[in-house]
Structures are given as structure tokens and as C-alpha cells.
**Q** 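Structure provided below as C-alpha cells; questions to follow.
Quick note on labels: first sequence line is chain A, next is B, and so on, each numbered from 1.
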Amino acid sequence: MSEHVRVRFAPSPTGHLHIGGARTAIYNWAFARRHGGTFILRIEDTDPERSTEENTQAILRAMEWLGLDYNEGPVVGGEYGPYFQTQRFASYADALERLKTAGASYPCFCTSADLEIKREAGRIQGGFAGYDRTCRSIDADTAAARIAAGEPHVWRLKVPEQRGDIVFPDAVRGEVSFPVDAVDDLVLVRTDGTATYNFAVTVDDVTMAITHVIRGDDHLSNTPKQILIYEALGEPVPVFAHLSMILGADGKRLSKRHGATSVESYRDQGFLPEAVMNYLALLGWSLDGETTVFSRETLAENFSLDRVSRNPAIFDDEKLEWLNGVYVREMSAQTLVDQMVPYLQAAGFLSPEEVSTRRDWLLRLAPLISERVKRLDEVVPMVGFLFADTVVIEESALAKVLGKEGAGVALDACRETLAGLSAFDAATIEAALREVPERVGVKPKVVFQAVRVAVSGTTVSPPLFEVLELLGREQTLARIDVARKYAVE
RNA sequence: GGCCCGUUCGUCUAGCGGUUAGGACACCGCCCUCUCAAGGCGGAGAUCACGGGUUCGAAUCCCGUACGGGCUACCA
């Protein structure tokens, strides 16, 4: 690629950044980075009904969280701004003027009601449901007079009659072709003077010198219309690349019905940006068919459109969770503590002061949970017992463990052993407790499970000896005393 | 209705004329083990949507059919 690559991600702030949009953003970002190009963020806020400032802010936050840094866009600015569509109206008016003088656009005075009837008629006959080009034949003087008289009108694109089929190479789909006569004399500018979507995007892409348009599959059918606009404007047509949809587990297009699909909701559930990025990159693109875990740097160095898959992909939460677990395990204790603290605080386990005063303690906790957690929010139920004053013993644990023969003597022996220890660290605890089973003649499994249940209330917990150390002697002994009452001899 | 796109294990994918159709998640079993994980080893799972061609040979190329999706707005 000899030209300087300029790509853009153009979300509309009618909602939060969702998973599908994020993947489009990632591919654009990766493509730009791979080619040393420019990645642009443009906010398509021309739908006043549904666009909100809050959504714009949420999109910017999500982009930042994912680490999708853009070279041009809101906040950072750039030479091709502004980066909000609502601030680019002048360029649409300008482009319309160019089309008018080139004779590539004409005013249309048909009313919505007229059009509705024409559409129906066309559909019944040949299947063509486009505009029948009635107003094309109005001569220039008449049109000018009617406009001067204040008659409401739109401006349509005059699709060239001599034009052959519209064929373009799609970077992911290969050659795509549309018959010209399937393209309407589409409306460029509405009665109220605002630009329609297809007109606005292509003018924006032209004026921002976009070289590659990487976007969702749903725009594939819009592409011939846009190509015609580029041609009418006499501007070079960019390379198009259409990405297939992301579907929910039911094979239907991913939507709110599938639960939380916004990027920020994944963040809140304790997914890491690296994992989300990796997973989304993998959902429709492959490095080599073998590698599933790779860094954003690897993605940026190796991304290519010809390895993007053409078929729609079903979003698999389980694989994302697995991948997130991979990244959690790779984290240092320091990082993991930073990451899990917000969840512990939200659960009321830690006061703001304790975040720093108990830092060392948290650093000892981190390695115990790192290989047991997939989502960060899982730490809350996993370690809750460490922060509680008393423990509620699960009913099933009561029967399965404390009800077992030997549980009582085992607890007695452990209590006594632990009480007499000179130090209360995991290694010392382990060495001492390892001798208990043989001494009291109870299976190791029964002994350790009894202590685990006493201390955590459940049959599942992080490694026992480390847990006792973190709990401290006083709490450990107190909990054993309570559990002892429920244990059989 | 018309036009366009898609179809390889349950899921994500590799494959780009000759492979025992490979990998990953999930699943099952074994090992490790104080529980759960993590890890190691192994297993099951794909008549490559279907039907025709082309070819010595097709998951790979061509044509149909079916199914799914998109566009067909003075929405984006």
C-alpha cells in the first residue's frame, strides 16, 4: 500500500458502544496500526431524536478502556475536523452545490404520498421499488421557478443512464456486483435541507480523505449508492471491507434481548480490556488458525483484511470467560490487587482506608484467587468469608463434612495444634496440620475438609493453609469452636 | 417481490484441487491433589447445507436449490 492509510470508525451515539461496534472499531484500529496509517473516530450524531451527549461520552470511555487510541477525533482533534457530523453541515451543502453544477442532482417535488403509491406499484410489477424518476424530466427553468415559488422539494442523485453494473472489490468478500438499475435516484438532501445518511457519510469520507471503509455487513447494500455519489462528485472511491454480523447464542442478530451487550457492561462484570480485545479480534479474524491468545501488539502487527472471515459469528460468552481467565492468571499480584479492589469495595468488604492499610494482606490473597477466577466480579463470593465476622455453614456442608465420622476429633486436634503454633504462616500451619490425620486416625481429606467448612462455611475455598494464615489465628480458632458444636465425634 | 451477502465439529475457526479435514472453547475420562481451580495426558464430536456439473481427483472451481441475513425510507 503506497498511499497513506486513513480509516475511520463512525458510531452513532444512539446507544452505548456495543460488542459488534467494538469489533468494527478494533479492526479499523488494527488495520491503521498495521499500515502505519491514521485511525479516525467520527461521531454520527445526526439523529437528534436518539443521539445523546451521554452516549457520546460512554462511547469515548469505552474506546479508551479498550485502548483504541485514535489519531483524529473528538477531544484529540485533527486537521480534518470537526469530528461530529452535526458540525459538518456546511460541507454537505457544498457537496450538493458541486453536484448541482455538474448536473448530477435534480430537485424532486413528489410528496411522500405520491412516492408511497409509486413504490407499491413498482413492487407489484417488476419488483423494483425505487423512485420512478418523474421529476428528472422537469426542465431546469420550470424547476427553478417552482423552487423560487417556495415549493417543498428534495434533491436527488441523478443515476447515470449509461453506467454499467457497479462492481467493486470488497477486501473481505472479493468482487461484489450490483446491477445499476437496482439503484434508486436516492434522496441526498431532504425537504428541510439536511443531508441523508448515504450522502453525509460519503461526503464525510471524501472530506476526511478516508482510504478504506471497514464497516458492518449491513452497509454492503448501501455501497453501490455511495459509489455513485463518489463518482458524481468526481472523487476517488475508497476500498470497502464489509464485516459480517455478530449473532447471539440463538443465531439471531445480537441485541438487548441477549442481555448486556455494551462494552462497558463487560467491563463492569470484570472482563479485562485485553481479553475483550483478543476475543473480539478472534471473532471473525484469525492470526494463523492455531493461535488464540495474542496481545494487542501482535494484532496491530499482523492484522489483515484477507484473513477476516465472511460468515456471521455467534458470540460465545464461555470462550470469552476462558480467555479472560488466561489474562487474569498472567497478571502480577500487584495488578490483580488493583483490579479486584473496586469489586471488594463495592461489596462492602473494604473501606477506602483499608485499601492501602491492608495492601500487603491483599497481595498475599491475590495469588490464591488468580487461577480460580475468570471474571473479576467472582472474587466477591469467593473470598467473602474472609471479611465476614461470622460464618454461616451451608447445610450441605454440614451433612457432608461435619456429619462425617471423625470430624469432631479432627477439629479438636487441629484447634489444639493451631493454638500452640509459634508462628501462624501458611508453611508452619501446613507442616503442623499435615501430622494431624495420622495422629487422630482420620483421613486427611476428612480433616482438612472439616477445617475448611469451619472456616469458610463451604466445601470449596482457596487453598486451606494460606486461607488460615490470611484469616489469622484468632478468627480461625473462633470459627473452629463454632463449627465444633455441629460436628459429630 | 427485487437486488446483494453468507453456509467446515454444539461454538469460534484453519483450509485457498491431492490432508488420517488441523487448532481453540465447551463436553467426557485419567493423572496431580486438602476442596475448587490451574496444569498434564487422552477421548468423543464435521457424510465440509443439499443437488448437479468441471476435473484423474473437489470442503476448495462453476451452476442451481434450501436455509439464514442485509438493503429496498425525506432512519442511521
Side-chain angles (χ1 to χ4, degrees), chain A residues 10-12 14 44-47 49-51 85 108 110-112 115-116 119 122-130 152-156 170 173 176-179 181-184 186-192 194-198 200-201 216-225 242 244-245 247 249 251-253 279 282-293 306-307 309-323 325 329 368-374 382 401 430 433-434 437 443-453 456 458-465:
Chain A
S12 117
T14 53
E44 305 207 327
D45 56 347
T46 41
D47 183 344
E49 301 293 304
R50 297 184 296 154
S51 298
Q85 246 178 5
C108 170
C110 295
T111 65
S112 299
L115 295 172
E116 190 56 42
R119 240 193 317 271
R123 202 180 294 250
I124 289 163
Q125 288 172 21
F128 180 70
H153 61 283
V154 300
W155 287 88
R156 288 184 180 273
D170 188 287
R173 281 161 209 275
V176 180
S177 151
F178 291 83
D181 45 338
V183 182
D184 216 346
L186 67 154
V187 173
L188 303 174
V189 173
R190 304 183 185 98
T191 308
D192 66 2
T194 59
T196 58
Y197 169 74
N198 282 116
V201 240
D217 198 315
D218 45 340
H219 291 294
L220 187 57
S221 300
N222 285 326
T223 307
K225 303 172 194 170
H242 289 96
S244 55
M245 308 257 86
L247 312 174
K252 296 270 163 56
R253 187 176 174 158
Y279 179 71
L282 212 48
L283 201 64
W285 179 79
S286 61
L287 180 58
D288 54 14
E290 304 281 300
T291 314
T292 54
V293 182
D306 55 17
R307 290 196 66 85
S309 127
R310 285 166 291 281
N311 19 343
I314 293 174
F315 190 87
D316 182 3
D317 274 299
E318 282 189 298
K319 191 159 181 175
L320 205 212
E321 292 203 356
W322 165 78
L323 201 47
R329 271 172 253 134
L368 304 188
I369 61 166
S370 75
E371 64 188 25
R372 267 163 265 271
V373 109
K374 294 209 210 50
M382 190 172 293
V401 177
E430 175 163 11
L433 251 32
R434 287 276 180 204
K443 281 198 219 147
K445 204 167 246 184
V446 176
V447 174
F448 297 133
Q449 278 299 78
V451 178
R452 184 190 314 284
V453 168
S456 73
T458 71
T459 56
V460 175
S461 83
L464 186 60
F465 312 117

**Q** List the steps and the verdict of side-chain hydrogen bond (donor to acceptor under 3.5 Å, both in side chains) for A/Asp170 and A/His242.
**A** CA-CA 7 Å; A/Asp170 188 287; A/His242 289 96; 2.7 Å; yes
**Q** State the pairing partner of B/U60; accept Watson-Crick or G-U wobble contacts with both distances under 3.5 Å, and report none otherwise.
**A** none
**Q** On a plain distance test, is the side chain of A/Arg173 in donor-acceptor contact with the base of B/C5 below 3.5 Å?
**A** no
**Q** Hey, which of these two, A/Leu220 or A/Val154, hits RNA chain B nearer its 5' end, going by closest nucleotide?
**A** A/Leu220
**Q** Any strand is fair game: report the nucleotide pairing with B/U54 by Watson-Crick or G-U wobble, both distances under 3.5 Å, or none.
**A** none
**Q** Side-chain N or O of A/Arg253 versus OP1/OP2 of B/G69: is the shortest distance under 4.0 Å?
**A** no
**Q** Please report the closest heavy-atom contact between A/Ser244 and A/Ser309, naming both atoms and the distance.
**A** OG-O, 3.9 Å
**Q** Measure from the side-chain heavy atoms of A/Glu371 and tell me the nearest of B/A38, B/C71, B/C34.
**A** B/A38
**Q** Considering every strand and a 4.0 Å limit on heavy-atom distances, what is the contact class for A/Val189: base, sugar-phosphate, or nothing?
**A** nothing
**Q** Between C1' on B/C71 and CG on A/Asp181, what's the gap in Å once rounded to a whole number?
**A** 16 Å
**Q** Which nucleotide, if any, forms a Watson-Crick or G-U wobble pair with B/C34, using both distances under 3.5 Å?
**A** none
**Q** Reckon A/Leu464 touches a base, only the sugar-phosphate, or nothing at all at heavy-atom distances under 4.0 Å?
**A** base
**Q** Flag the pair A/His219 / A/Tyr197 as yes when at least one side-chain heavy-atom distance between them is below 4.5 Å, and no otherwise.
**A** yes
**Q** We want to know whether A/Ser370 and A/Arg329 form a side-chain donor-acceptor pair, criterion being a heavy-atom distance below 3.5 angstrom.
**A** no
**Q** Over all strands shown, is A/Gly284 touching base, sugar-phosphate only, or nothing at heavy-atom distances under 4.0 angstrom?
**A** sugar-phosphate
**Q** Picking from B/C4, B/G22, B/A76, which would you name as closest to the side chain of A/Glu290?
**A** B/G22
**Q** Write down the partner of B/C25 under the Watson-Crick or G-U wobble criteria, each distance required to be under 3.5 Å.
**A** B/G10
**Q** Taking the side chain of A/Arg452 as its heavy atoms from C-beta onward, which of B/U35, B/C3, B/A76 lies nearest to it?
**A** B/U35
**Q** To the nearest Å, how far apart are A/Asn311 CG and B/G6 P?
**A** 9 Å
**Q** Compare all side-chain heavy atoms of A/Thr292 with those of A/Leu282 and state whether any distance is below 4.5 angstrom.
**A** yes
**Q** Please name all residues satisfying salt bridge (charged side-chain N to carboxylate O under 4.0 Å, His left out) with A/Arg310, sequence neighbours left out, ordered by chain then number.
**A** none
**Q** In whole Å, I'd like the distance from the CG atom of A/Asp288 to the P atom of B/A14.
**A** 11 Å
**Q** Between B/C36, B/G15, B/C74, spot the one nearest the side chain of A/Arg307, thanks.
**A** B/G15
**Q** Write down the distance between NE2 (A/His242) and C1' (B/C4), rounded to a whole number of angstrom.
**A** 11 Å
**Q** Check this one for me: any side-chain N or O of A/Thr196 less than 4.0 Å away from OP1 or OP2 of B/C74?
**A** no
**Q** Evaluate the side-chain proximity of A/Val293 to A/Leu323: yes if any heavy-atom separation is below 4.5 Å, no if none is.
**A** yes
**Q** Which nucleotide, in any strand shown, forms a Watson-Crick or G-U wobble pair with B/U47, with both distances under 3.5 Å?
**A** none
**Q** By the 4.0 Å heavy-atom rule, please label A/Ser177 as base, sugar-phosphate, or nothing.
**A** sugar-phosphate
**Q** Do the non-hydrogen side-chain atoms of A/Glu44 and A/Val201 ever get within less than 4.5 Å of each other?
**A** yes
**Q** When all nucleic acid strands are considered with a 4.0 Å heavy-atom cut-off, which category describes A/Pro224: base, sugar-phosphate, or nothing?
**A** nothing
**Q** To the side chain of A/Ser12, which of B/C5, B/C12, B/A76 is closest?
**A** B/A76
**Q** Could you state the CD1-P distance from A/Ile314 to B/A24, rounded to the nearest angstrom?
**A** 21 Å
**Q** Provide the Watson-Crick or G-U wobble partner of B/G68, both distances under 3.5 Å; none if there is no partner.
**A** B/C5
**Q** For A/Arg434, answer base if it contacts any base atom (sugar-phosphate contacts may also be present), sugar-phosphate if it contacts only those atoms, and nothing otherwise; contact means non-hydrogen atoms under 4.0 Å.
**A** base
**Q** Suppose you measure atom P in B/U65 against the same atom in B/C12; what distance do you get, rounded to whole Å?
**A** 26 Å
**Q** What contact category does A/Asp218 fall into here, base, sugar-phosphate, or nothing, at under 4.0 angstrom with non-hydrogen atoms?
**A** sugar-phosphate
**Q** Applying a 4.0 Å non-hydrogen cut-off, can you work out what A/Ser244 is touching in the nucleic acid: base, sugar-phosphate, or nothing?
**A** nothing
**Q** Say we look at B/U11 and B/A46: how far apart would their C1' atoms be, to the nearest angstrom?
**A** 13 Å
**Q** Quote, to the nearest angstrom, the P distance that separates B/C4 from B/G15.
**A** 27 Å
**Q** Taking the nucleotide of RNA chain B with the nearest heavy atom to each, does A/Thr459 or A/Arg156 sit closer to the 5' end?
**A** A/Thr459
**Q** Quickly work out the A/Trp322 CH2 to B/U11 P distance and round it to whole Å.
**A** 18 Å
**Q** Over all strands shown, is A/Thr46 touching base, sugar-phosphate only, or nothing at heavy-atom distances under 4.0 angstrom?
**A** sugar-phosphate
**Q** Evaluate the criterion side-chain hydrogen bond (donor to acceptor under 3.5 Å, both in side chains) for residue pair A/Thr196 and A/Asn198; output intermediate values, then yes/no.
**A** CA-CA 6 Å; A/Thr196 58; A/Asn198 282 116; 5.9 Å; no
**Q** For the P atoms, the ones on B/G53 and on B/G10, what distance do you get once it is rounded to whole angstrom?
**A** 29 Å
**Q** From B/G22, B/U11, B/A76, pick the nucleotide closest to the side chain of A/Gln85?
**A** B/A76
**Q** Both distances below 3.5 Å, Watson-Crick or wobble geometry, any strand: find the nucleotide opposite B/U19.
**A** none
**Q** Does A/Pro463 reach the side chain of A/Arg372, with side-chain heavy atoms less than 4.5 Å apart?
**A** yes
**Q** Regarding A/Pro179, tell me which of base, sugar-phosphate or nothing describes its non-hydrogen contacts under 4.0 Å with the strands shown.
**A** sugar-phosphate
**Q** A/Ser221 near the nucleic acid: base, sugar-phosphate alone, or nothing, with a heavy-atom cut-off under 4.0 Å?
**A** base
**Q** Given atom NZ of A/Lys445 and atom C1' of B/U33, what is their separation to the nearest angstrom?
**A** 8 Å
**Q** In this structure, how many angstroms lie between the C1' atom of B/U7 and the CZ atom of A/Arg310, rounded?
**A** 11 Å
**Q** Considering only heavy atoms and no angle criterion, is a donor-acceptor pair shorter than 3.5 Å present between the side chain of A/Thr191 and the base of B/C74?
**A** yes
**Q** Considering every strand and a 4.0 Å limit on heavy-atom distances, what is the contact class for A/Tyr279: base, sugar-phosphate, or nothing?
**A** nothing
**Q** Which of these nucleotides, B/A37, B/C25, B/A76, is closest to any side-chain atom of A/Arg372?
**A** B/A37
**Q** Where the side chain of A/Lys252 is concerned, which of B/A24, B/G69, B/A76 is the nearest nucleotide?
**A** B/G69
**Q** Need one value for A/Val187: base, sugar-phosphate or nothing, where a base atom within 4.0 Å counts as base even if backbone is also close, heavy atoms only.
**A** sugar-phosphate
**Q** Considering only B/C3, B/A38, B/C34, which nucleotide approaches the side chain of A/Phe465 most closely?
**A** B/C34
